[in-house]
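Shown next, in structure tokens, is the structure this report addresses.
Position 1 is the first residue of the sequence, and the numbers go up from there.
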Amino acid sequence: FIVLSIIISVVALENTQPSLLELFFGEVGKFLVNTRASLHGPRIQDPSEDRDMEEYDYIIIGAGVAGSILANRLSEIPDWKILLLETGTPENPIGEIPGLSQILQLTQYNWRYQTVPQETGCLGMIDNKCNIASGKGLGGGGVLSDSFFSRGTKQDYDWWAQEIQNEDWNFENVLPYHKKAEDVHLKAFDWEYHGLGGPNYVEDLRNPSRIRQPFLSAARELNYSIIDYNGAKQIGFSRAQVTTKRGRRHSISKAYLETIRGRRNLVIKTLSNVTRIVINEDTKEVEGVEYVRNGRALVARNKKEVILSAGTFNSPLLLMLSGVGHKSHLEENDVECLQELPVGDNLKDHVGFTGLHFIFKDKSPEENYFLNFYDWLVKGEGPLTSAGTDAIGLLNSGLSEDPEYADVELAVVPMSLAQGYDLIEPIVNFKREIYDSVWKEIQDQDAFMILIILLRAKSTGKIRLRSREVGDHPLIDPQYLSHPTDTEIILEGIKKVLELAETQSFKRLGVELNSKKVYGCEDHDFGSDNYWRCAIPRLHISTFHYTGTNKMGSEGDGKSVVDARFKVHGIKNLRVIDASVIPNANTGHMLGPVLMLAEKGADIVKEDWNELLN
């Protein structure tokens, strides 16, 4: 209680420097992590027990969302010995507090990647580089997210099946896996679309802001439906569904690894940096994995398969370092090409526009941080149970091919980027002149943001090696907003918000739109279409929903890396099971889709080895 209270008070200080937080999380965090892991966490093998050339039936690389699920499901078969390798550490107990999730982006739980300089996006960022948050540790990106739970739409999966010409991936066939993963505790929902008793706990946000109800009422005024967005309809407005359990973050590590703490056929090794997948040059068969742990170079051998679940950035990175990718690119980096595949292509992400802030005319009461912490710790209530999104609208811009399909999301974030900006500045990376022009004058005012999220971007990026050195970050080029339609869809989302703001319900909030012009767009009239077109590439961020870099498809199509059963084309005993295989842009925030594909992937592996459990 004392340690966590100190952390809360440190975060609350206006002049807190990120370096102090890093030090605090680093030193105190190690103690908290080790203590919690020994009491409650999954069993981690001590480095003193490591042996070179050990054999396992399955080796899973990456203990993020997909890897944790696979480790749980494959180790259900007691005769299979499973090795789970993770670069990061067990969870920090601070991660249990949803309201502090953003702070973890400043710690070792984030890979801290950046894009290469962008030409059409990230124009408001230092050096035109957007920050890329990617989780490192047990539970992966789920540790850094705001706990908002969205699975995507029926059309997402039907188009997935159509794209790869395999009906096993249509909505009807993936829905059972969505339900299998879920333990729903919502007050109102489409019950036939949800599951009970699964590992992933889903509940209503326990601390709705004063914005949510007027926002939903405004939608009703405009004749929009109030829906369960993970249910039958995906056009409409809704309260947020979150992966917390009585106000505490219910991470994937808790859901899938802590629950099998005593399972002896599962070996988990944290702080294990995989350097290469060993592929026989003659047979194209995977023979093991090379990794470094506690300063020792080790090899683990697979009797059956290696499963790569390192995520949208690290899975293609490791494939390329192991000789799988574009031949010309690998040779440029002195890596022998063993199998030529379009690894690293087809990068997709959700862009979020931050330029719509509404300022309250009256000021909220001052926060009592210690009382907030008490409410969270004892009651599972209060502001710390919420990490961000309070309510959403899912709409069609009129610019997509299917009018029944949501291509833009309006997300109510009951806080302003200006509040505590000195703390979050390294997270968002805006140029100072951008921040000063838009938010500096409102930093002491009570305000909130409606984030406009582009759900189905037409712009497509890529990932490439920076060098053949294992520790080097990849070159990430999302090519944000390179397709002009993406900007126009975001513009339509802005217009929808401004339309909502004119309703009587919204006006009762007593707010006004922040009309400060962004630096670089001063020549345009505020609120005009051309002003917004100028502001969008300067005020957008990544929402960290990356997919597609090891695209699923048919062997020989020239566009894909894995088949419909996750097997890497042309390589034996190697699968990729994570968000990188999703073939097209998915409207879900990535936890939901990855839960499903990992649950389905585990069954596919069992089927292929004739071991499917009843």
May I ask you to test the Val65-Leu591 pair for a side-chain heavy-atom distance under 4.5 Å? yes

Answer yes or no: is there a donor N or O on one side and an acceptor on the other, between the side chain of [X] and the main chain of [Y], under 3.5 Å?
{"X": "Glu86", "Y": "Gly137", "value": "yes"}
{"X": "Asn128", "Y": "Gly124", "value": "no"}
{"X": "Gln479", "Y": "Gly461", "value": "no"}
{"X": "Thr153", "Y": "Gln234", "value": "no"}
{"X": "Asn110", "Y": "Arg112", "value": "yes"}
{"X": "His545", "Y": "Thr543", "value": "yes"}
{"X": "Asp52", "Y": "Val299", "value": "yes"}
{"X": "Thr549", "Y": "Thr312", "value": "yes"}
{"X": "Arg456", "Y": "Asn586", "value": "no"}
{"X": "Asn429", "Y": "Asn131", "value": "no"}

What's the verdict on side chain to side chain contact (heavy atoms under 4.5 Å, CB included) for Asp183 and Val202, showing C-alpha distance, side-chain angles and the deciding distance? CA-CA 6 Å; Asp183 186 14; Val202 179; over 6 Å; no

Which one of Ile277, Asn280, Ile59 satisfies the side-chain contact (heavy atoms from CB on, under 4.5 Å) criterion with Val286? Ile277

Of Leu104, Ile252, Val143, the residue whose pairing with Glu91 passes side-chain contact (heavy atoms from CB on, under 4.5 Å): Val143

Distance-minimising heavy-atom pair for Leu451 and Gly352: CD1-C, 3.8 Å

[Y]/[X] salt bridge by N-O under 4.0 Å criterion:
{"X": "Arg468", "Y": "Glu332", "answer": "no"}
{"X": "Glu96", "Y": "Arg249", "answer": "no"}
{"X": "Asp345", "Y": "Arg464", "answer": "yes"}
{"X": "Arg73", "Y": "Glu76", "answer": "yes"}

Can the positive tip of Lys81 be found less than 6.0 Å from the middle of the six-membered ring of Tyr56, inside 45° of the ring normal? yes

For the ring pair [X] and [Y], is the centre-to-centre distance below 6.0 Å?
{"X": "Trp111", "Y": "Phe544", "answer": "no"}
{"X": "Tyr58", "Y": "Trp80", "answer": "yes"}
{"X": "Tyr405", "Y": "Trp159", "answer": "yes"}

Under 3.5 Å donor-acceptor pairs involving side-chain atoms of residues 570-583, not counting sequence neighbours:
unit_1: Asn573; atom_1: ND2; unit_2: Glu285; atom_2: OE2; d: 3.1
unit_1: Arg575; atom_1: NE; unit_2: Glu305; atom_2: OE1; d: 2.7
unit_1: Arg575; atom_1: NE; unit_2: Glu305; atom_2: OE2; d: 3.2
unit_1: Arg575; atom_1: NH1; unit_2: Arg565; atom_2: O; d: 2.9
unit_1: Arg575; atom_1: NH1; unit_2: Asp608; atom_2: OD2; d: 3.0
unit_1: Arg575; atom_1: NH2; unit_2: Glu305; atom_2: OE2; d: 2.9
unit_1: Arg575; atom_1: NH2; unit_2: Asp608; atom_2: OD2; d: 3.0
unit_1: Asp578; atom_1: OD1; unit_2: Ser580; atom_2: N; d: 2.9
unit_1: Asp578; atom_1: OD1; unit_2: Ser580; atom_2: OG; d: 2.5
unit_1: Asp578; atom_1: OD2; unit_2: Ala310; atom_2: N; d: 3.3
unit_1: Asp578; atom_1: OD2; unit_2: Gly311; atom_2: N; d: 2.8
unit_1: Asp578; atom_1: OD2; unit_2: Ser315; atom_2: OG; d: 2.6
unit_1: Ser580; atom_1: OG; unit_2: Asn550; atom_2: ND2; d: 3.0

State the [atom1]-[atom2] distance between [X] and [Y], to the nearest 0.5 angstrom.
{"X": "Ser322", "Y": "Arg276", "atom1": "OG", "atom2": "CZ", "answer": "7.0 Å"}
{"X": "Ile82", "Y": "Lys304", "atom1": "CD1", "atom2": "NZ", "answer": "8.5 Å"}
{"X": "Leu74", "Y": "Ile69", "atom1": "CG", "atom2": "CD1", "answer": "11.5 Å"}

Does [X] have any ring pair (Phe, Tyr, Trp, His ring centres under 6.0 Å) partners at least two apart in sequence or in another chain, and if so, which?
{"X": "His569", "result": "none"}
{"X": "Phe171", "result": "none"}
{"X": "His473", "result": "Tyr113"}
{"X": "His540", "result": "Tyr480"}

Side chains of [X] and [Y], donor plus acceptor under 3.5 Å:
{"X": "Glu55", "Y": "Asn302", "answer": "no"}
{"X": "Tyr157", "Y": "Asn173", "answer": "no"}
{"X": "His326", "Y": "Ser328", "answer": "no"}
{"X": "Lys129", "Y": "Gln118", "answer": "no"}
{"X": "Arg263", "Y": "Ser75", "answer": "yes"}
{"X": "Asp50", "Y": "Gln45", "answer": "yes"}
{"X": "Glu203", "Y": "Thr244", "answer": "yes"}
{"X": "Asp557", "Y": "Ser554", "answer": "no"}

Would Thr354 and Phe430 satisfy side chain to side chain contact (heavy atoms under 4.5 Å, CB included), going step by step from the backbone distance to the final call? CA-CA 11 Å; Thr354 65; Phe430 281 116; 3.8 Å; yes

For a side chain to side chain contact (heavy atoms under 4.5 Å, CB included) check, start with the C-alpha distance between Leu83 and Leu266, then their side-chain angles and the critical distance, and finish with the verdict. CA-CA 6 Å; Leu83 172 63; Leu266 172 62; over 6 Å; no

Sequence neighbours excluded, every pair satisfying ring-ring contact (aromatic ring centres under 6.0 Å, His included) that has a member inside residues 116-153: Phe148-Tyr229, Phe148-His589

Would Glu54 and Lys269 count as a salt bridge (charged side-chain N to carboxylate O under 4.0 Å, His left out) if you check the C-alpha gap in whole Å, the side-chain angles of each, and the deciding distance to 0.1 Å? CA-CA 13 Å; Glu54 285 183 301; Lys269 297 186 181 184; 3.4 Å; yes

Looking at Gln165, I want to see if its CD is surrounded by more than 12 non-hydrogen atoms of other residues, nucleotides or ligands under 6.0 Å. no

Around Lys154, counting heavy atoms of other residues, nucleotides and ligands shown, do more than 12 lie under 6.0 Å from its NZ? no

Between Lys179, Lys606, Lys180, which is the residue that forms a salt bridge (Lys or Arg N to Asp or Glu O under 4.0 Å) with Glu599? Lys180

Go through it in stages, so that I can follow the logic: the residues are Trp169 and Asp158, the test is side chain to side chain contact (heavy atoms under 4.5 Å, CB included), and I'd like the CA-CA distance, side-chain angles, deciding distance and then a yes or no. CA-CA 7 Å; Trp169 288 94; Asp158 289 345; over 6 Å; no

Walk me through whether Asp603 and Tyr177 qualify under side chain to side chain donor-acceptor pair (under 3.5 Å). CA-CA 10 Å; Asp603 270 4; Tyr177 289 101; 2.9 Å; yes

